[in-house]
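Data block below; observations after.
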Amino acid sequence: MAGFNRGGNMGGATIPPDKTFLDLEIDAFKKVVDLNLFGTVLPTTVFGEAMAARKEGVIVNFCSESALRPLTRVVGYGAAKAAIGNYTRFMAAELAMKFSPSMRVNAIVPGFLLTNQNRTLLTNEDGSYTERARSVIAHTPAGRFAEPEELLGTIHYLISDASSFVTGALCVVDGGFDAFSI
């Protein structure tokens, strides 16, 4: 048994370049944290209960680069994804120690993908990259955005017996973004 979850972001929980943290909309921040954090906690609870009855199973959560290091502008999303990283590790130990070591919880930490969710942040109306997109790519040794299909190998690994001794891991698939510094 394998489980997955979802997340997202919204304008008021971000800080545009012309604003500061003092302009953060707390209600929007709460909504983004609720969507991302509880969008992971609730399915983990449901799948965890079913896994406990069977004494085996795998959950793969989704974090973000912002779970590993703060990214500018996306304060609500980043806070929630960092919490998911911590929650993933907590649940890995909780399920293995209290129910069965055949129950595993890991998370995939994708790099930047160009999706409908972030298209307006990363592309201009003419399809060219925004300054933010150029900055992301400049800090990604692979020199491009990830394709969604490039996450499948890591997901397959995490739900397969090949990773039977892997639990509590945050598996980074980011073209080297997190490893790069100047």
Side-chain angles (χ1 to χ4, degrees), residues 4-45 59-93 105-148 150-151 154-155 168-182:
F4 297 95
N5 50 39
R6 58 160 289 146
N9 204 0
M10 62 187 303
T14 64
I15 301 173
D18 61 332
K19 305 275 183 172
T20 74
F21 79 97
L22 298 173
D23 299 301
L24 181 66
E25 296 174 23
I26 297 301
D27 286 340
F29 182 91
K30 287 178 182 178
K31 286 179 184 175
V32 168
V33 170
D34 187 57
L35 170 65
N36 287 280
L37 182 55
F38 290 99
T40 296
V41 171
L42 296 175
T44 300
T45 301
I59 294 173
V60 177
N61 291 325
F62 280 80
C63 278
S64 163
E65 285 293 336
S66 60
L68 305 178
R69 59 182 182 174
L71 302 177
T72 60
R73 298 177 64 176
V74 292
V75 63
Y77 182 81
K81 292 298 186 173
I84 290 168
N86 183 285
Y87 179 75
T88 295
R89 289 179 165 164
F90 168 82
M91 287 303 295
V105 183
N106 295 293
I108 188 167
V109 182
F112 293 85
L113 294 94
L114 187 56
T115 64
N116 289 336
Q117 178 180 321
N118 64 13
R119 192 168 308 281
T120 58
L121 180 66
L122 300 175
T123 60
N124 297 308
E125 287 184 19
D126 65 2
S128 64
Y129 288 151
T130 62
E131 181 180 331
R132 186 169 182 88
R134 288 190 302 274
S135 178
V136 167
I137 290 173
H139 289 89
T140 303
R144 62 178 177 82
F145 292 114
E147 296 295 330
E150 292 177 301
L151 303 178
T154 302
I155 293 169
L170 305 181
C171 297
V172 179
V173 182
D174 70 352
F177 182 90
D178 190 55
F180 183 73
S181 67
I182 54 173

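Keep in mind that this is a model prediction, so the values were computed, not measured. Positions are given from 1, in the same order as the sequence printed here.
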For this session: Enter the distance from N61:CG to Y87:OH here, rounded to the nearest 0.5 Å.
Result: 7.5 Å

Exercise. Which pair of heavy atoms, one from Y129 and one from R134, lies closest together, and at what distance?
Worked result: O-NH1, 2.5 Å

For this session: Kindly determine whether D23 and T20 satisfy side-chain contact (heavy atoms from CB on, under 4.5 Å), including the steps that lead there.
Result: CA-CA 6 Å; D23 299 301; T20 74; 3.7 Å; yes

For this session: Nearest 0.5 Å please: distance from the CZ atom of R119 over to the CG atom of L113.
Result: 10.5 Å

Exercise. So which heavy atom on G76 is nearest to which on V32, and how close?
Worked result: C-CG1, 3.7 Å

For this session: Could you list all the side-chain hydrogen bond (donor to acceptor under 3.5 Å, both in side chains) pairs where at least one residue sits in residues 138-147, not counting sequence neighbours?
Result: R144-E150

Problem set entry | Distance (rounded to the nearest 0.5 Å) between I108 CD1 and T154 OG1 | 4.5 Å

Problem set entry | Non-hydrogen atoms of T130 and T120 that approach each other most closely | CG2-O, 4.5 Å

Exercise. With A169, which residues qualify under side chain to side chain contact (heavy atoms under 4.5 Å, CB included), at least two apart?
Worked result: N106, V166, C171

Exercise. What distance separates F145 CZ from I137 CD1, expressed to the nearest 0.5 Å?
Worked result: 4.0 Å

Exercise. Looking only at heavy atoms, what is the nearest atom pair of G78 and S66, with distance?
Worked result: CA-OG, 3.4 Å

Exercise. Which pair of non-hydrogen atoms, one from K81 and one from F62, has the smallest distance, and what is that distance?
Worked result: NZ-O, 3.2 Å

For this session: Scan for side-chain hydrogen bond (donor to acceptor under 3.5 Å, both in side chains) pairs involving residues 171-181, sequence neighbours excluded, and state none if there are none.
Result: none

Exercise. With sequence neighbours left out, what residues match L170 under side chain to side chain contact (heavy atoms under 4.5 Å, CB included)?
Worked result: C63, L68, T88, R89, A107, V109

For this session: Kindly compute the distance separating CG (L122) from CG (L114), expressed to the nearest 0.5 Å.
Result: 6.0 Å

For this session: Find the distance between OG (S64) and OH (Y77) and round it off to the nearest 0.5 Å.
Result: 4.0 Å

Problem set entry | T115 backbone acceptor or donor facing N118 side chain under 3.5 Å | yes

For this session: Under the ring-ring contact (aromatic ring centres under 6.0 Å, His included) rule, collect the residues that match up with F38, sequence neighbours excluded.
Result: none

Problem set entry | side-chain contact (heavy atoms from CB on, under 4.5 Å) between V75 and F21, worked out | CA-CA 9 Å; V75 63; F21 79 97; over 6 Å; no

For this session: Return yes if some donor-acceptor pair links the side-chain N/O of D34 with the main-chain N/O of K30 below 3.5 Å, else return no.
Result: no

For this session: Could I get the full list of side chain to side chain contact (heavy atoms under 4.5 Å, CB included) partners for D126, not counting sequence neighbours?
Result: N124, S128

